[in-house]
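See below for the structure under consideration.
Since the model is a prediction, treat every value here as computed from it, not as a measurement. Keep in mind that the numbers below use all heavy atoms, side chains included, and drop hydrogens, waters and symmetry copies.
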Amino acid sequence: MTSVAKRRRFLAAGGAWIAGSGVLPAAADEHTEAGRGGEGEEEVSPPEDLMREHGVLHRILLIYDEILWRRLAHDEEFPPEVLAGSAEIVRGFVEDYHEKLEEDYVFPRFRKAGKSVELVDTLLAQHRAGRVLTDAIAQRANAQAIKDPAERAKLMASLRLFARMYRPHAAREDTVLFPALRSVVSPHEFDALGDEFEHKEREMFGEEGFEGVVARVATLEQKLGIYELASFTASWKES
């Protein structure tokens, strides 16, 4: 078995509740523990690893959308701790972990190969801009700021700018940069990246790793009432 094949677990049981089956995170954790090290293991390559981490970002963006366009825009209440918790995940998982992997292990290899250099420069600039926006969101993720008209307006602007930047950012990485990663590294380096990503994840997030972060996101979705995937099903009918 290669080093990559030994790496992450994305279990069918975990995927069921992530997709909105109605199974709560606690139950999913039980299935995850039972499946570890067994037949539920699947090989996850470094590009796939990075892409699925974008899934966490996309789910946070859905939380931001709900707060911005359905709650703040219509002056409806919501638990401020959901916004604070979301910004905390962005800072800890997206910025300090996922983006750090890109900056330390992915971007330099494209620069060395002379490929997609302009794209890498833009992505890095967006990482820096994102950190400024996350600071602004976290600073105002409290009841006092939400009730203050000036602070509320700044919060709404920060949420809007964050989503506006990160949706195309993640889409460009998923469709251009990550699929080309294998072309700028040797097979040995490719496997070594998988091992390094796994080591960094366990170092920062413990044994639960990625699955634990997804469970945290699901809890925030539940508090906001947007956990059920069926709630997003289109109901438009032509008149």
Side-chain angles (χ1 to χ4, degrees), residues 50-107 118-174 176-178 200-201 204-205 210 212-227 232:
L50 293 167
M51 289 177 186
R52 72 174 188 163
E53 287 168 4
H54 276 172
V56 171
L57 171 62
H58 289 310
R59 289 176 69 166
I60 292 294
L61 290 175
L62 290 176
I63 292 174
Y64 281 2
D65 282 349
E66 174 70 17
I67 290 173
L68 173 61
W69 301 112
R70 293 177 62 88
R71 307 303 177 92
L72 291 172
H74 297 283
D75 201 25
E76 295 184 9
E77 293 186 355
F78 65 93
E81 64 269 18
V82 171
L83 181 56
S86 298
E88 183 180 335
I89 291 173
V90 170
R91 175 52 46 86
F93 182 77
V94 176
E95 296 174 348
D96 290 347
Y97 168 66
H98 173 84
E99 290 183 352
K100 196 72 165 56
L101 290 182
E102 293 175 346
E103 293 168 9
D104 290 348
Y105 299 99
V106 178
F107 294 173
E118 185 177 352
L119 173 59
V120 164
D121 288 343
T122 299
L123 294 171
L124 183 57
Q126 291 180 339
H127 286 182
R128 293 167 179 159
R131 287 181 171 274
V132 174
L133 291 171
T134 297
D135 285 341
I137 292 167
Q139 180 183 342
R140 297 174 176 86
N142 57 79
Q144 182 178 353
I146 291 169
K147 292 178 181 178
D148 181 273
E151 292 299 295
R152 185 188 184 97
K154 291 177 182 177
L155 173 60
M156 293 177 71
S158 297
L159 290 170
R160 185 169 57 250
L161 289 170
F162 188 92
R164 168 72 174 170
M165 181 174 69
Y166 268 105
R167 284 198 168 96
H169 176 100
R172 196 62 60 91
E173 288 184 336
D174 286 345
V176 178
L177 202 72
F178 297 161
K200 293 292 185 182
E201 180 188 305
M204 291 190 67
F205 304 107
F210 171 80
V213 175
V214 173
R216 289 171 59 194
V217 175
T219 298
L220 296 175
E221 292 169 335
Q222 290 169 341
K223 288 182 179 180
L224 202 56
I226 61 168
Y227 172 75
F232 294 93

Which value, rounded to the nearest 0.5 Å, describes the distance between [X] atom [atom1] and [Y] atom [atom2]?
X      : Y      : atom1 : atom2 : result
Glu53  : Glu173 : CD    : CD    : 11.0 Å
Leu220 : Ile63  : CG    : CD1   : 5.0 Å
Leu50  : Glu99  : CG    : CD    : 11.5 Å
Glu77  : Ile146 : CD    : CD1   : 10.0 Å
Leu155 : Leu72  : CG    : CG    : 5.5 Å
Glu66  : Ser86  : CD    : OG    : 11.0 Å

Would a 4.5 Å heavy-atom cut-off, applied to side chains only, mark [X] and [Y] as touching?
X      : Y      : result
Arg91  : Asp135 : yes
Gln126 : Leu123 : yes
Tyr64  : Ile137 : yes
Arg71  : Leu224 : yes
Trp69  : Arg160 : yes
Leu124 : Glu103 : yes

Glu102 vs His127, side-chain contact (heavy atoms from CB on, under 4.5 Å): CA-CA, chis, key distance, verdict: CA-CA 10 Å; Glu102 293 175 346; His127 286 182; 2.9 Å; yes
Verdict with reasoning, Leu101 to Val106, per side-chain contact (heavy atoms from CB on, under 4.5 Å): CA-CA 7 Å; Leu101 290 182; Val106 178; 5.8 Å; no
Over 12 foreign heavy atoms within 6.0 Å of [atom1], [X]:
X      : atom1 : answer
Arg164 : CZ    : no
Glu76  : CD    : yes
Arg131 : CZ    : yes

Donor-acceptor contact present, side-chain Arg216 to main-chain Gly212, <3.5 Å: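 Judged by distance alone, no pair lies under 3.5 Å.
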Could you pull out the closest heavy-atom pair between [X] and [Y], with the gap in Å?
X      : Y      : result
Val214 : Val56  : CG2-CG2, 4.1 Å
Ala163 : Leu61  : CA-CD2, 3.8 Å
Lys100 : Asp96  : CB-O, 3.4 Å
Leu83  : Ala141 : CG-CB, 3.8 Å
Tyr97  : Glu201 : OH-CB, 3.3 Å
Phe162 : Leu57  : CE2-CD1, 4.1 Å

Residues Arg152, Asp75; criterion side-chain contact (heavy atoms from CB on, under 4.5 Å); working and verdict: CA-CA 10 Å; Arg152 185 188 184 97; Asp75 201 25; 3.2 Å; yes
Phe178 and His98 aromatic ring geometry - parallel, tilted or perpendicular at 30°/60° bounds: perpendicular
Test salt bridge (Lys or Arg N to Asp or Glu O under 4.0 Å) applied to Lys154 and Asp148, step by step: CA-CA 10 Å; Lys154 291 177 182 177; Asp148 181 273; over 6 Å; no
Phe78 vs Arg70, side-chain contact (heavy atoms from CB on, under 4.5 Å): CA-CA, chis, key distance, verdict: CA-CA 10 Å; Phe78 65 93; Arg70 293 177 62 88; over 6 Å; no
